[in-house]
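Computed over heavy atoms, backbone and side chain alike; hydrogens, waters and symmetry mates excluded.
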Amino acid sequence: MSDLNRNKIFIPAMIGALLCIIGIAIAGCTPEKEPSATDGAGQAVAEPVQPAPMPVRETLPEGIQWLTNDSDPVFADPEARRGGTLHLALDSFPLTFRVVGPDSNTSFRSAILGNQLSLTGIHPNTLNIVPELATHWAYGSDKKTMYFRLDPAARWSDGVPVTADDFAYTLDFMRSPFIVAPWYNDYYTNEIERVIVYDDHTLAVVSTKAQPDLHLKISIGPTPRHFFDPLDQDFIRKTNWSVVPNTGPYQIDRFRKGRYIRFARKKDWWANDRRYFKNRFNVDTVLYKVIRDPNLQWEYFKKGKLDVYPATVPKYWHIKTRTPVVEKGYVHKMWFFNDTPQSAMGLWMNLDREIFKDVNLRYAFAHAMNVKKVITQVLRNDYFRLESAYVGYGPYTDTSIRARRYNLDKVREYMTRSGWQRGPDGIWAKNGRRYSVEVVYYRDDHTQRLVVLKEEARKAGIELNLLKLDPSTAFKKILEKRHDVAWLGWSTGMRPHFWEFWHSVNAHKGQTNNVTNTDDPEMDRLIDAYRNSLDEQERIDLAHRIQQRVHEIGAYVPTFMVPYFREVYWRWWRLPDPPATRTSGSLFSAFDSSSGGLFWFDPQLAEQTRNAMADGVAFPPVTIRDETYKP
């Protein structure tokens, strides 16, 4: 996975899953307990599960002012051609193909969700609303209702028409306790009031309250009633490896557990010629092959068995690319600056661990992390210091916050304040307990970074025990809150989101994004006010106060930010000009409806390249630095 990763969920602007440089996660809140009958012995008795009722159709209000967007600039290349296979690597095989419920929130879910369109999308350069499943939209005077007209051509991958009822069913599905997805249970109960069906192609989505950025909140996606209904207690087991009908350009057509997953392009995808989808999603198939070792992935890439390799990591860009396939011009290098919110990369402490209940020890931990040395010695000064968890959100970012720097005197001050002393081995100790914690991570190429932090922390009297796990195991351990410290980042949205990560309702339980188990009444009050505010300036002020409180609690140590991505790719792939968009996270994002699928395969260049390699003929080496969208 690249250092920047974006995961689309059913609500495009919401934060999806943990990671970017390392992570996962789904946010959570406990759903209302499912009622059940009991027999005389007090045992639960199974009751027949009835299909969710079809929504009653209502009459569309008069005077609606319909809007659309058919004038923003297109960003695909009309020279793009169809065909070919994009070969990509997976670090590990996903634990499920479900996108909700236990074990669903791995990085691979973005590939599945990227093929599930929403009512509307966001233009990747202008950030304006653009059509997806809806051709038109309108705003209600109550500032909490949006009306939508569906594209009558929209189809599920099994050929069934997409109708307004599929959006109504999204609420039934997401509110169900059977999906075991507390974040979705909460969001679709407390943020979405209802879906109103007027006819097969006209609907409204109503928020529970008026709010700014309404289109970011309620442009939900459909859920295929004909596939899921009725839900029951066996949902998790029955759907673990189900290939669910979708609305996007590709669908999984074959896979072998532990080995590979292949997506095939739909031959007659209904949105082929829509303005913002035309000349995109050009390859016939996208093949993900499981290759667990990044070094082995590199060897596959050099042999042409993988088409692209992420090179944002400095040693890859500067050192690994000193290889014949690059030097002879068979492989191109691209350094692309984007303009996006920055992933909250860093070290996340579990406050349910006894050692982190003391704020002094949390501050000491932060001051023991020599992030600057990692940037200068390991990352070749290519990365920038991240100051907080919320950088790059425009006025919503509090730019006055600065991350705590490496400072041995500060470590000593905080540790002695809590009565700890340096032991004979140099590690701080108190009442027979040493300041020794485990750091969970999953990428080999991050080991060197963590080794430097470990060595520098030891000088400060804190022992870091590094535990590298495979991605799925690491994600599971973190989501179940069985970590001391998690080394990870988070994907981003267009606005900062706090409830998922810092509200106490998501603490002390598994399968939520509050991996620090933060449980702070003042934080809860601020977050609740932020969620309920209707005034943008008030929301900005509250966002700043929340960020200050996050800094005060000190459960998170920011590390690096990367306002660009770098990739190397075989010269038979062609790209538009500019080669990506303002919000792109990769040149070869295969599915993302906002900015993915811009590349295409050139069979003539492939033949030319392979013949040149066979004959020992070289091309001029190519390194491109694109600053079109550099902030």
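- Side-chain contact of Thr96 with Asp103: a donor-acceptor pair under 3.5 Å is absent, judged by distance alone.
- Between Val313 and Arg449, the closest side-chain pair of non-hydrogen atoms falls below 4.5 Å.
- Side-chain atoms of Thr447 and Asp445 include no donor-acceptor pair closer than 3.5 Å.
- Phe498 pairs with exactly one of Tyr393, Tyr396, Tyr390 by the ring-ring contact (aromatic ring centres under 6.0 Å, His included) rule, that one being Tyr390.
- For Thr397 (side chain) and Thr399 (main-chain N/O), no donor-acceptor pair under 3.5 Å exists by modelled atom type.
- Trp573 and Asp307 are linked by a side-chain donor-acceptor pair at a separation below 3.5 angstrom, with hydrogens and angles left out of the test.
- The backbone N or O of Gly426 lies less than 3.5 Å from a partner atom in the side chain of Arg422, making a donor-acceptor pair.
- Within the 4.5 Å cutoff, the side chain of Ser584 has no heavy atoms near those of the Tyr629 side chain.
- A salt bridge does not link Glu455 with Lys459: none of the charged nitrogens is closer than 4.0 Å to a carboxylate oxygen.
- Residues Asp358 and Ser418 have side chains that bring a donor and an acceptor to within less than 3.5 angstrom of each other.
- Counting non-hydrogen atoms of neighbouring residues, nucleotides and ligands closer than 6.0 angstrom, the NZ atom of Lys357 exceeds 12 such neighbours.
- For Arg362, there are no side-chain hydrogen bond (donor to acceptor under 3.5 Å, both in side chains) partners two or more places apart in sequence or in a different chain.
- With respect to the salt-bridge test (charged N to carboxylate O, under 4.0 angstrom), the residues Asp409 and Arg412 qualify.
- Environment of NZ in Lys410: sparse, with no more than 12 heavy atoms of neighbouring residues, nucleotides or ligands closer than 6.0 Å.
- Scored by the ring-ring contact (aromatic ring centres under 6.0 Å, His included) test, Tyr406 finds no partners at all (sequence neighbours excluded).
- Using a 30° and 60° split on the angle between ring planes, Phe301 and Trp298 fall in the parallel class, below 30°.
- In this structure, the side chain of Thr85 does not engage the main chain of Val286 through any donor-acceptor pair within 3.5 Å.
- Taking the ring centre of Tyr363 as origin, the terminal cationic atom of Arg404 falls inside the region bounded by 6.0 Å and 45° from the ring axis.
- No salt bridge links Lys481 with Asp352; every basic N to acidic carboxylate O contact stays at or beyond 4.0 Å.
- Ring centroid separation for the pair Phe599 and Tyr569 does not come in under the 6.0 Å cut-off.
- Remark: aromatic rings of Phe365 and Phe356 are close, center separation under 6.0 Å.
- Put simply, the side chain of Trp499 does not reach to within 4.5 Å of the side chain of Tyr187, judged on heavy atoms.
- The aromatic rings of His446 and Trp487 sit perpendicular, their planes meeting at an angle over 60°, well past the 30° parallel limit.
- For the pair Phe235 and Ile179, the minimum side-chain heavy-atom distance is below 4.5 Å.
- No donor-acceptor pair under 3.5 Å is formed between the side chain of His87 and the backbone N or O of Tyr288.
- The aromatic ring centroids of Phe591 and Tyr250 lie less than 6.0 Å from each other.
- With 3.5 Å as the limit, one finds no donor-acceptor pair spanning the side chains of Gln547 and Asp398.
- Within the 4.5 Å cutoff, the side chain of Thr340 has no heavy atoms near those of the Phe565 side chain.
- Lys302 meets the salt bridge (Lys or Arg N to Asp or Glu O under 4.0 Å) test with Glu299; sequence neighbours excluded.
- At a cut-off of 3.5 Å, with distance as the only test, no side-chain donor of His508 or Asn514 sits close to an acceptor on the other residue.
- Under a 4.0 Å N-O distance rule, the pair Lys373/Glu456 qualifies as a salt bridge.
- At least one side-chain heavy atom of Arg566 sits less than 4.5 Å from a side-chain heavy atom of Asp382.
- Classified by interplanar angle (parallel below 30°, tilted 30° to 60°, perpendicular above 60°), the ring pair Phe97/Trp241 is perpendicular.
- Side-chain atoms of His497 and Asn513 include no donor-acceptor pair closer than 3.5 Å.
- Residues Val439 and Leu450 form a side-chain contact, since some pair of their non-hydrogen atoms from C-beta on lies under 4.5 Å apart.
- Side chain of Ser589 to backbone of Ser586: no donor-acceptor contact under 3.5 angstrom is found.
- In terms of modelled atom types and a separation under 3.5 Å, the side chain of Glu567 and the main chain of Leu587 share a donor-acceptor contact.
- The aromatic rings of Tyr442 and Phe475 lie perpendicular to each other, with more than 60° between the two planes, well past the 30° mark.
- For the pair Asp91/Gln297, a side-chain contact is recorded, criterion being any heavy-atom separation below 4.5 Å from C-beta on.
- Arg259 CZ: 12 or fewer foreign heavy atoms inside a 6.0 Å radius.
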